[in-house]
Amino acid sequence: MKYLNTAIIGMVFAVAATSNVVGGEVNSLRGQNELANAAKMFDQLRVVSQKGGFERSWKTQPPSIPHTVEKDRINLDENTCMNCHSPEKYKEEKAVKIGDSHFLDASGAKLEKMSGRRYFCTQCHTPQNNAKPLVDNTFDSSGN
Ligand code: HEC
Ligand code: HEC
């Protein structure tokens, strides 16, 4: 009997939990849109190119990429970002040299070559487009 009671209580909780979700109390950032609506083709946004780069929001922020990267490849054989951003190439390409922090190992010691931890550039650096933010952001980059 004790076992049966526990089972019934369990079922009541399970039903209550399910109806919470169906009742719409859990909201996604998309709002209450039918799932099928998302199947419509979205507008493809253009990557914004900006001369001089984007302003950083804080000192150690990985700067955003101010150019397109569609043709770049980062894989086992090549990293085309380094064709322009490596210490050897950046002057000739009028690009920016990879940051000083890219030459430090995990314990902060200086390395001759770029740390392997920085190989996958787009893990931290991303191109930008004029997307409308999903939610408002009141972040103040001046630190106030
Ligand atoms: C053909 C050369 C070229 C290639 C390839 C290239 N970049 Fe750039 N990149 C530039 C130039 C030139 C600038 C400077 C643009 C400016 O400031 O007007 C720049 C700027 C940047 C900046 C901004 C730096 C800052 O301090 O604001 C980042 C970050 C960056 N690139 C990352 C990348 C990544 C990641 C890749 C690969 C996915 C890449 N770039 C591939 C030429 C290149
Ligand atoms: C783990 C995150 C991370 C990865 C991976 C990474 N970066 Fe960065 N990058 C940063 C941060 C943080 C900064 C700002 C601090 C600095 O300048 O070192 C930065 C700065 C830069 C700058 C600007 C330097 C300056 O003096 O203004 C360039 C250019 C850049 N990175 C290019 C690259 C390229 C190209 C790759 C891939 C080969 C790469 N980064 C990989 C985090 C990263």
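Start at 1 and go down the list; that is how both ligands and their atoms are numbered. Scope of the values below: all heavy atoms of this structure, side chains included, with no hydrogens, waters or symmetry mates. Computed from a predicted structure; not experimentally measured.
At distances below 3.5 Å, not a single donor-acceptor pair connects side-chain atoms of T68 with backbone N or O atoms of E70.
Close to ligand 1: V69, with a non-hydrogen atom less than 4.0 angstrom away.
Using a 4.0 Å cut-off between heavy atoms, N79 contacts ligand 2 through its side chain alone, with no backbone atom that close. By the criterion of a heavy-atom distance under 4.0 Å, the backbone of Q61, and not its side chain, is placed next to ligand 2. The proximity of M82 to ligand 2, defined as any non-hydrogen pair under 4.0 Å, is limited to the side chain. No part of N83 comes within 4.0 Å of ligand 1, judged by heavy-atom distances. When heavy-atom distances to ligand 2 are checked against a 4.0 Å cut-off, R56 comes that close only through its side chain, counted from C-beta outward.
Here the protein heavy atom with the shortest distance to atom 12 (C) of ligand 2 is T60 O, 3.2 Å. Protein heavy atom at the shortest distance from atom 37 (C) of ligand 1 is C81 SG, 1.8 Å. At the top of the distance list for atom 33 (C) of ligand 1, counting protein heavy atoms only, stands H85 NE2, 3.5 Å. The nearest protein atom to atom 23 (C) of ligand 1, hydrogens excluded, is given as P66 CD, 3.5 Å; this is a heavy-atom distance. When hydrogens are left out, the protein atom nearest atom 24 (C) of ligand 1 is V96 CG2, 3.9 Å; that is the closest non-hydrogen contact.
Remark: A131 pairs with L45, N129 by the side chain to side chain contact (heavy atoms under 4.5 Å, CB included) rule, at least two apart or across chains.
The ligand atoms of ligand 1 that sit less than 4.0 angstrom from a heavy atom of A95 are 10 (C), 11 (C), 12 (C), 42 (C).
Distances from atom 8 (Fe) of ligand 1 to each N, O or S atom of H67 single out NE2 as the nearest.
Around atom 8 (Fe) of ligand 2, protein N, O or S atoms at less than 2.8 Å number 2.
Of the options G53, C84, S49, G52, the smallest heavy-atom separation from atom 43 (C) of ligand 1 is shown by C84.
Relative ring orientation between F139 and W58 is described as perpendicular, the plane-to-plane angle rising above 60° on a 0-90° scale split at 30° and 60°.
Between the side chains of E78 and T80, no donor N or O sits under 3.5 Å from an acceptor N or O.
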